[in-house]
Amino acid sequence: MKLSKTYNHKEFESDIYDLWEKADAFKPSGKGKNTFSMVLPPPNANAGLHIGHALMFNIQDLVVRYRRMQGDDVLWLPGADHAGFETQVVYEKHLAKEGKSRFDFSRDELYSQIYEFVGQNRSNFDQMFRQLGASVDWNHFTFTLDQNVIDTSYKTFKKLWDDGLIYRGERLVNYCTQHRTSFADIEVVYEDQKTPLYYMKYGPFELATTRPETKFGDTAIAVHPEDERYKEYVDKTLEVEGINGTFEIRVVADEMVDREFGTGVVKITPAHDFNDWEVAQRHNLEAKRVINHDGTMNHLAGQFEGMTIAEARKAVVQALKEKSLLIKIDDDYQNRVAKCYKCGTTIEPMIMDQWFINMEELAKPAIKALEAGKITFYPAAKRQQTIDYLKNVRDWNISRQIAWGIPIPAFQNVDDPDEWIFNENVHEHTLEIDGKSYRRDPDVFDTWFSSGHWPYVTLDGPDSEDFKRYYPNALMETGGDILYPWVSRMIVLGVYLTGEVPFKDVYLHGMVRGEDGRKMSKSIGNVVDPYPLLDQYGSDAIRMGMISGRSAGESASYAPAKIVAGRNFANKLWNVARFVEGVLEDKPGKPDSKANTTADHWMLRDLQQSINAVSSLLNDYRFSEAFDTTYHFVWDSFADWYVEASKREINPSMLRYGLESVLKLAHPFAPFVTETIWQTLDWTGETLLISQEWPKAPSYDDKQAVIFEEIKTIVAEIRLIRSSLQLKKVNLYFTDVDFLKDHGALIAGLAQLEGVHEVEAGQGLHLTQTSYSCWLDVDKETMDRYREKLEKQLTEAEKQRDGYKKRLDNEAYVKQAPKKLVDETKQQLEDTNTLLANIQKEIERFS
RNA sequence: GGGUGAUUAGCUCAGCUGGCUAGAGCACCUCGUUUACACCGAGGGGGUCGGGGGUUCAAGUCCCUCAUCACCCACCA
């Protein structure tokens with residue numbers, strides 16, 4: 001087969017993926033002494049993949065291909081996420097374009113509409129996986145709204161209910177009045193902003209507040225218990241003048257009050273402030289809700305009813321002014337305000353009846369497992385962070401007032417609001433049981449509740465064969481940003497349901513930042529779309545470019561130069577193969593690791609080291625270093641030296657063996673190009689590279705390898721001399737060096753010499769880096785020009801010698817450092833002395 | 001207010017349990033068309049590893065401290 005001069009990924013990539021797929025190459029083998037299972041964190045089914053996904057897919061596919069070649073029974077399980085709230089927000093925007101709102105439809109209607117909407121975007125999504133070369137087992141593909149996911153979530157809900165770990169309660173929750181749903185604490189983002197701080201008269205007090213509009217919900221005034229200024233009022237009920245006449249209010253003493261802040265007096269609005277809620281619990285205060293779910297004021301706000309929060313604030317301040325109750329406004333006050341992470345609306349703490357999971361209790365066994373080191377984290381520090389998070393986490397609100405999600409399987413007695421029953425007939429709105437009527441909870445689960453089951457539910461736990469074989473997963477690889485919302489919950493729920501951690505290793509990758517080093521964001525305009533890149537450079541190039549120079553947990557900028565380097569490397573592989581195939585065209589045969597030439601032995605030595613290094617680095621998830629090692633073995637050792645040497649001294653079966661090894665080693669990093677090449681080889685038959693065994697480290701003769709190393713030294717010095725002296729035609733002379741007799745043509749070829757000749761006595765420029773006697777045939781004038789260079793070398797060598805000497809003169813070093821190290825230094829000193837002598841001799845000869 | 005991470009060549013970044021003259025890619029300089037590759041080959045220049053202290057025979061690596069930049073957590077009205 002004739003190969004084109006440069007590798008063109010477009011010609012091959014999609015065919016190669018088809019080839020793998022048709023051969024069932026991604027299917028778990030069901031054999032092997034080790035299983036290696038991993039779930040692909042399901043991307044949002046309704047959104048395209050971004051460059052961060054590309055990194056994630058690449059890392060995971062790399063691990064999976066390596067494991068497969070190691071002979072493991074590999075299951076890489078793909079999926080898609082319905083992404084509840086996220087997707088509903090997208091759909092709401094879609095509705096808005098048509099002039100509609102989600103509130104025009106019932107939740108059931110919305111659900112079917114969104115289901116269809118998401119379905120339309122799905123085919124696209126599968127294509128993206130293929131372009132990235134993801135060797136996932138498509139047979140195990142799971143969507144987060146598949147029936148078994150729903151069933152499992154219901155079972156867990158019931159179990160939590162029965163175990164008393166879930167409760168229905170009226171609590172203050174984070175609520176977005178724009179999207180009209182509550183959130184878990186972790187979903188709220190905070191923003192620094194300037195909020196006017198209003199000082200107002202409040203009976204005998206002056207107090208400061210950022211929220212004058214909630215004063216109709218005030219049910220107490222709080223002061224610090226030890227604040228002398230206000231001691232006389234504590235526990236009294238005061239008559240206070242407000243906007244609409246006077247009202248009564250209690251004064252309580254509570255540690256929460258900071259005497260230094262404002263006037264040291266706080267109005268307590270339990271229904272609209274988390275702090276105040278706590279105070280209310282301690283002092284048995286009533287909570288009066290004054291804001292509706294749509295963000296308007298209710299009847300308790302009197303003439304302000306129906307106004308939005310912002311309007312009401314203005315109006316209330318105006319009214320306070322008119323009543324001379326407003327003292328001053330501090331416009332410089334900075335505080336942190338909770339925001340909806342989607343629309344930026346200020347989060348309103350709202351009293352709502354919701355389902356909460358008792359996290360303190362539920363997390364206990366998970367914390368124990370983490371503390372016992374049942375899971376290894378990469379980077380390691382994330383383990384303690386997870387433990388700390390779980391130890392402090394508050395109860396988890398899992399109710400969401402949206403349509404797109406798994407309906408909560410709970411029904412409430414119409415006549416007795418305190419009676420709830422568990423029932424999975426969520427397609428019914430009402431149930432009649434034993435003469436009692438029940439109404440379904442209209443809410444759905446927080447998406448993270450069901451996805452917290454992922455390693456468990458995708459394997460159809462706990463009775464399936466899959467579950468028995470592949471649980472716990474070997475690895476959970478995902479972005480560091482979802483350690484808390486996802487990883488920690490999978491651990492908690494996994495341990496709760498199975499008594500076992502859901503995965504043994506956790507590898508967290510960092511964020512892909514923009515080229516400018518900032519977080520990618522649409523508004524900054526530094527977002528990188530992977531698809532044009534895939535088209536331009538190819539999948540392998542993106543993969544290598546994304547992986548190189550990255551370490552666990554660290555965010556790093558997108559660097560296009562690395563993608564280019566990846567593309568060039570793919571091309572290097574291609575051309576190495578092109579050379580080998582061209583040169584072997586008329587020499588049919590099989591690969592063989594039996595060494596013949598000195599270059600063979602040297603290459604095998606390097607290959608052995610590289611295989612060992614890459615394997616151990618990949619075992620430790622050190623992807624960047626593993627790639628680096630592979631890259632330099634292929635490019636520097638195999639292409640630049642071994643292939644070059646083969647042009648003079650050829651061993652066809654070793655060339656084949658070397659190429660095969662290169663392809664295997666590089667396959668996890670560059671699957672498409674390596675498989676493409678594999679398919680062009682005339683001795684690989686119908687086999688696939690993806691299914692080959694990981695190369696085993698070969699053996700070699702070290703003496704032979706050392707001879708080639710010496711040849712390299714000689715060639716390198718000749719190249720340096722030629723380059724620095726701008727020599728065109730040179731001959732090498734030597735006396736009595738056996739390997740030079742045998743490898744004259746090789747050296748001449750590698751160093752671009754006119755010839756290599758054995759002579760009786762030396763003439764010209766003596767090589768200094770080798771202990772053998774070799775000369776270049778240069779005249780006196782050229783030698784003089786070289787003198788300066790030699791003197792520089794001498795100075796450097798002297799500096800080095802002094803360093804070694806100093807180290808060895810240090811008694812403490814010789815005594816305390818490992819013997820191996822000291823011996824090494826002695827050897828280095830000796831070598832440097834020899835080198836110095838050589839250089840000195842040369843300089844003297846010129847003088 | 002707590003916590004974590006980062007600071008290494010012009011740029012983007014590696015550098016695991018302390019140990020050869022601190023690396024890579026890109027960029028830069030000089031040559032170069034030789035049985036694959038100019039997406040190439042050969043050679044070269046460039047960093048006292050943010051500042052300061054300490055531990056050690058030995059520190060980019062460990063400890064303390066300061067500075068700067070990220071991120072996370074927390075209920076300051």
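Chain naming here is simple, since letters A, B, ... match the order of the sequence lines and numbering starts at 1 in each. Worth knowing before you read on, the calculation uses all heavy atoms, side chains too, and leaves out hydrogens, waters and symmetry mates.
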With sequence neighbours left out, the residues meeting side chain to side chain contact (heavy atoms under 4.5 Å, CB included) with A:Q816 are A:A812
Show me the protein contacts with nucleotides 55-57 of chain B, counting only N or O atoms at under 3.5 Å.
unit_1 : atom_1 : unit_2 : atom_2 : d
B:C57  : OP1    : A:Q816 : OE1    : 2.9
B:C57  : OP1    : A:Q816 : NE2    : 3.4
B:C57  : O2'    : A:N810 : ND2    : 2.8

Letter per nucleotide, 5' to 3', of nucleotides 36-44 of chain B [B base touched, S only sugar-phosphate touched, - untouched; heavy atoms, 4.0 Å]: BBSBSSSSS
Contacts of A:K789 that satisfy side chain to side chain contact (heavy atoms under 4.5 Å, CB included) - sequence neighbours left out: A:L720, A:S724, A:Y786, A:Q793
Give me each pair satisfying side chain to side chain donor-acceptor pair (under 3.5 Å) with a member in residues 207-217 of chain A, each pair once, sequence neighbours excluded. A:R211-A:E213, A:R211-A:E348, A:E213-A:R313, A:T214-A:K267
So which one's nearest nucleotide on RNA chain B is more toward 5', A:A561 or A:R336? A:A561
Results of side chain to side chain contact (heavy atoms under 4.5 Å, CB included) for A:K819 - residues two or more places apart only: A:D823
What is the ring orientation for A:W574 with A:F12, classed by angle as parallel under 30°, tilted 30 to 60°, or perpendicular over 60°? tilted
Indicate whether the side chain of A:Q193 and that of A:K339 have a donor and an acceptor atom separated by less than 3.5 Å. yes
The side chain to side chain contact (heavy atoms under 4.5 Å, CB included) partners of A:K201 (sequence neighbours excluded) come to A:L325, A:I327
N/O donor-acceptor pairs under 3.5 Å from side chains in residues 542-561 of chain A, not counting sequence neighbours:
unit_1 : atom_1 : unit_2 : atom_2 : d
A:R543 : NH1    : A:D61  : OD2    : 2.8
A:R543 : NH1    : A:P668 : O      : 3.2
A:R543 : NH2    : A:D61  : OD2    : 2.7
A:R543 : NH2    : A:L132 : O      : 3.2
A:R550 : NE     : A:M546 : O      : 3.0
A:R550 : NH2    : A:A556 : O      : 3.1
A:S555 : OG     : A:M511 : N      : 2.9

What side-chain donor-acceptor pairs closer than 3.5 Å can you find for residues 627-636 of chain A, not counting sequence neighbours?
unit_1 : atom_1 : unit_2 : atom_2 : d
A:T629 : OG1    : A:E625 : O      : 2.8
A:T630 : OG1    : A:A626 : O      : 2.9
A:H632 : ND1    : A:D628 : O      : 3.0

Determine the contact category for A:V814: base if any of its heavy atoms lies under 4.0 Å from a base atom, sugar-phosphate if only primed atoms, P, OP1 or OP2 are that close, otherwise nothing. nothing
Only Watson-Crick and G-U wobble pairs with both distances less than 3.5 Å should count. Give RNA chain B in dot-bracket notation, marking inter-strand partners with |. (((((((..((((.....[...)))).(((((.......))))).....(((((..]....))))))))))))....
Could you say whether A:Y484 or A:D620 is positioned toward the 5' end of RNA chain B, judged by the nucleotide with the nearest heavy atom to each? A:D620
Letter by letter from the 5' end, nucleotides 2-9 of chain B scores (B base, S sugar-phosphate only, - none; protein heavy atoms under 4.0 Å) --SSS---
So what does A:D276 hit on the nucleic acid, given a heavy-atom distance under 4.0 Å: a base, only sugar-phosphate, or nothing? nothing
Is the shortest side-chain N/O distance from A:N392 to OP1 or OP2 of B:A74 below 4.0 Å? no
Looking at A:Q828 and B:C20, is any side-chain donor or acceptor paired with a base atom of the opposite kind under 3.5 Å? yes
Residues in residues 794-807 of chain A with a heavy atom under 4.0 Å of RNA chain B, by number, are A:Q800, A:Y804, A:R807
Is A:S624 close enough to B:A14 that one of its side-chain N or O atoms is under 4.0 Å from OP1 or OP2 there? no
